[in-house]
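Down below is the structure, laid out as structure tokens.
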Amino acid sequence: MDADHLAQIRQEPAQFAPNGLGHLVLEIVAYAADEAASRGGGRCVVMLHTDGSVSVKDDGRGTDTRVDEHGRVVKKPVMATKDLRFFDLPEWERLPDGHPRRGMSVVAALSEWLIHTNRRLNGSWTQRYEHGVPVIDLEPVEADGTTGTCVRFLPDRALRSRWSLTAGDLERWSGHWPDLTVRLKER
């Protein structure tokens with residue numbers, strides 16, 4: 001975990017999430033798009049929940065996990081550390097909103113809580129974060145025959161009030177990521 005990195009994001013939310021909640025959703029959908037592009041296609045569902053949280057679920061391979069020397073499952077620390085592919089480079093990848101992609105740590109840091117559920121062929125796990133900090137270790141979850149990632153998060157209150165998702169947003173995103181089909185669901 002990189003506490004300084006998370007604190008910097010929390011101190012400058014307008015810099016890291018310039019369009020508020022919409023940008024956070026795009027940060028997550030970008031990972032689903034990467035996965036879809038590497039596999040020649042994929043799907044993701046963006047769900048707006050009645051409690052104000054949002055989930056993005058894809059049908060990819062799931063976040064990379066390994067077994068450490070003690071037999072514990074560990075995953076790439078994408079939620080609580082700087083993704084070096086998107087920070088510290090002279091030219092950033094742009095998301096469909098025109099702003100730089102920075103990675104999952106932005107979403108985690110600017111959320112009251114985030115739950116990352118990861119389903120791979122070799123097992124399934126979940127982990128909860130609060131303001132980007134993991135509050136539990138990886139916990140196994142029962143396999144359901146699928147692979148992919150689901151990120152459900154409750155953005156900080158200031159970000160929740162400035163955004164609503166429309167079908168037009170999905171159409172614009174689809175043009176940016178032709179290998180990914182994005183659907184919207186509301187509960």
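The 12-atom threshold is exceeded at CD of E69, counting heavy atoms of other residues, nucleotides or ligands nearer than 6.0 Å. For D137, the CG atom counts as loosely surrounded, since its 6.0 Å shell holds 12 or fewer non-hydrogen atoms of other residues, nucleotides or ligands. Crowding of R183 atom CZ: a count of heavy atoms from other residues, nucleotides or ligands under 6.0 Å not exceeding 12.
Residues A17 and L110 come closest through the heavy atom pair CB-CD1, 3.7 Å. The heavy-atom pair separating P155 from G52 by the smallest distance is CD-O, 3.8 Å.
In this structure the side chain of P100 reaches within 4.5 angstrom of the side chain of R94, judged on heavy atoms. Proximity of D59 to R39: side-chain heavy atoms (C-beta onward) are separated by under 4.5 Å at one or more points. When side chains are defined from C-beta on, V141 counts as touching S124, because their heavy atoms get closer than 4.5 Å. With contacts defined as side-chain heavy-atom distances shorter than 4.5 Å, the pair C44/K57 does not qualify. Between L138 and T126 there is no side-chain heavy-atom pair separated by less than 4.5 Å. Residues V182 and V46 are in side-chain contact: their nearest non-hydrogen atoms beyond the backbone lie under 4.5 Å apart. The shortest distance between side-chain heavy atoms of Y31 and T149 does not fall below 4.5 Å. Looking at H49 and S55, their side chains come closer than 4.5 Å, going by heavy atoms from C-beta outward.
Not a single donor-acceptor pair under 3.5 Å links the side chain of Q127 to the backbone N or O of P134. Listed for the T147 side chain is a donor-acceptor partner under 3.5 Å among the backbone atoms of G60. Under the 3.5 Å distance criterion, the side-chain polar atoms of E35 are matched with a main-chain donor or acceptor of R61. In terms of modelled atom types and a separation under 3.5 Å, the side chain of S53 and the main chain of R152 share no donor-acceptor contact.
Interatomic distance, I9 CD1 to H131 NE2, rounded to the nearest 0.5 Å: 13.5 Å. Atoms CD and CG, on Q11 and D4 in that order, are 9.5 Å from each other to the nearest 0.5 Å. Expressed to the nearest 0.5 Å, how far CZ of R128 lies from CH2 of W113 amounts to 6.5 Å.
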Stepwise side chain to side chain contact (heavy atoms under 4.5 Å, CB included) check, Q15 with H99: CA-CA 9 Å; Q15 177 184 342; H99 297 289; over 6 Å; no
Step-by-step side chain to side chain contact (heavy atoms under 4.5 Å, CB included) determination, E112 to D156: CA-CA 5 Å; E112 291 180 21; D156 287 341; 3.7 Å; yes
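The side-chain contact (heavy atoms from CB on, under 4.5 Å) test with H23 singles out one residue from V107, L159, L95, and that residue is L95. Just one of I115, L114, V135, I136 meets the side-chain contact (heavy atoms from CB on, under 4.5 Å) condition when paired with Y129; it is L114.
Residues D58 and R43 are not paired through a salt bridge, judged by the lack of any N-O separation under 4.0 Å between the basic side chain and the carboxylate. Between R101 and D34 there is a salt bridge, with a side-chain nitrogen of the basic residue lying less than 4.0 Å from a carboxylate oxygen of the acidic one.
Judged by the 6.0 Å and 45° rule, R10 forms no cation-pi pair with F16.
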